[in-house]
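All residue numbers refer to positions in the sequence shown, counting from 1. Atom set for the values below is all heavy atoms of this structure, side chains included, hydrogens, waters and symmetry mates excluded. Because the structure is predicted, anything quoted here is derived from the model rather than measured.
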Amino acid sequence: MASTSRPALDAQTPGTASGTVPGKTLGTAKEPRLSARATATAEIYRSLRGDIVAMRRKPGEPIVEKHVAESFGVSRTPVREALLRLADDGLVEIFPQSGTFVARIPVNALPEAVVIRTSLECTAVRYAAVRAARSQIAALRANILLQQETMAAGDLDGFHEADEEFHRLISEIAGFPGLWNMAQQVKMQVDRYRRLTLPEPGRIPHVLAEHGGIVDAIAARDPAEAERLMTIHLGALLESVPNTQGANPFFFSGVQPDSPSKTKKESTPS
């Protein structure tokens, strides 16, 4: 019996692999389910990431898997997968016996993120100052008008979005939109911190003035000045860290290291 059944098990249609049926692949019924789960995971990840970066979910706040799953109408599996991705980003902390919490903003990571972002955006603004067409300069000025309108309306979320678009436009004008995409990957923690600084008196008008100067330098075809102003603009983000951390101590972890310029100044003999 064994010898007669063996050929039936091994028989294959030419051109097909063992365990397949011509025109079909075993297991395809599971693929839509896997694809749906991946889609759900990506949607949950984007939603939670957006809430955390925008500070709608505050540092230290718990994230309950069950509640998230119910709000999206899914099982807990895609929620767990999304949370693992957020943990890799440093945006959540997972404690097996306690739960999942929005991570605090790591102060000691802010300077490096600003340095990387500054390097990328200074490259972009130099190219933009050389390549900008008149219509593109007009788009930058229109964006600044939008920033002014959101400021007048007290719309902090709207101002932040217009601010982000301003910097994205510069990379696009430079001809290297990927520079902005790279900056996005390193500045998540900086964005969380920035959201805390926007309500500070005089903060938004100061940012607007800096943006205006950058556009003027681009319009004047002055890449060196555009880079100088961008460096000042982004470096200023770190100046208010001590005050912001002092006003929101529970939102931060760690201590801000001395900036390179401060260390150099302190080590120079008087």
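- To the nearest 0.5 Å, the span separating CZ on F101 from CD1 on I94 amounts to 11.0 Å.
- With rounding to the nearest 0.5 Å, the separation of CG in N108 from OG in S253 is 6.5 Å.
- Checked by atom type and distance alone, the side chain of R117 never pairs as donor or acceptor with a backbone atom of L234 at under 3.5 Å.
- E210 places no side-chain N or O within donor-acceptor distance of the main-chain N or O of V207, the cut-off being under 3.5 Å.
- Minimum heavy-atom separation, R37 to P78: O-CB, 4.0 Å.
- The local environment of CE in M188 is crowded, with over 12 non-hydrogen atoms from other residues, nucleotides or ligands closer than 6.0 Å.
- To the nearest 0.5 Å, atom CZ of residue R80 and atom CD of residue E65 are 4.5 Å apart.
- R46 places no side-chain N or O within donor-acceptor distance of the main-chain N or O of T41, the cut-off being under 3.5 Å.
- By the neighbour-count criterion of 12 heavy atoms within 6.0 Å, atom CZ of F72 is densely surrounded, having more than that number from other residues, nucleotides or ligands.
- One distance of note links CD1 of I52 with CD1 of I63; it measures 4.5 Å at 0.5 Å rounding.
- In the model, E200 has a side-chain atom that pairs as donor or acceptor with a side-chain atom of T244 under 3.5 Å.
- Between the side chain of S47 and the backbone N or O of E43, no donor-acceptor pair lies under 3.5 Å.
- Heavy atoms from other residues, nucleotides or ligands lying under 6.0 Å from CD of E61 number more than 12.
- Judged by distance alone, with hydrogens and angles left aside, the side-chain atoms of Q245 form a donor-acceptor pair with the main-chain N or O of G254 at under 3.5 Å.
- Under the 30°/60° scheme for interplanar angles, the aromatic rings of H167 and H233 are found to lie parallel.
- I105 has its side chain within reach of L196: a pair of non-hydrogen atoms, C-beta onward, lies under 4.5 Å apart.
- The side-chain heavy atoms of P59 and R192, taken from C-beta on, include a pair separated by under 4.5 Å.
- If you take SG on C122 and CD on E227, they are separated by 4.5 Å, rounding to the nearest 0.5 Å.
- For the pair Y45 (side chain) and L83 (backbone), a donor-acceptor distance under 3.5 Å is absent.
- For the pair F176/R131, a side-chain contact is recorded, criterion being any heavy-atom separation below 4.5 Å from C-beta on.
- Using a 4.5 Å heavy-atom cutoff, the side chains of Y193 and P106 are not in contact.
- Taking 4.5 Å as the limit, some side-chain heavy atom of Q184 sits within range of a side-chain heavy atom of W180.
- Side-chain contact between L91 and Q189 is present, with at least one heavy-atom pair separated by less than 4.5 Å.
- No donor-acceptor pair under 3.5 Å is formed between the side chain of N248 and the backbone N or O of F251.
- For the atom pair D89 CG and L48 CG, the distance stands at 11.5 Å (nearest 0.5 Å).
- Both I144 and L229 belong to a common hydrophobic cluster when Ile, Leu, Val, Met, Phe, Trp and Tyr are linked at side-chain heavy-atom distances under 4.5 angstrom.
- Side-chain atoms of D191 and E164, non-hydrogen and from C-beta on, do get closer than 4.5 Å to each other.
- D216 has a carboxylate O that lies under 4.0 Å from a charged side-chain N of R141, or vice versa, which qualifies the two as a salt bridge.
- Remark: side-chain polar atoms of S119 are not paired, donor with acceptor, to backbone N or O of V115 under 3.5 angstrom.
- The hydrophobic clustering, which links ILVMFWY residues whose side-chain heavy atoms are closer than 4.5 Å, places M55 and V68 apart.
- The shortest side-chain heavy-atom distance between L156 and T150 does not fall under the 4.5 Å cut-off.
- No hydrogens or angles considered: a donor-acceptor pair under 3.5 Å links the side chains of Q147 and N143.
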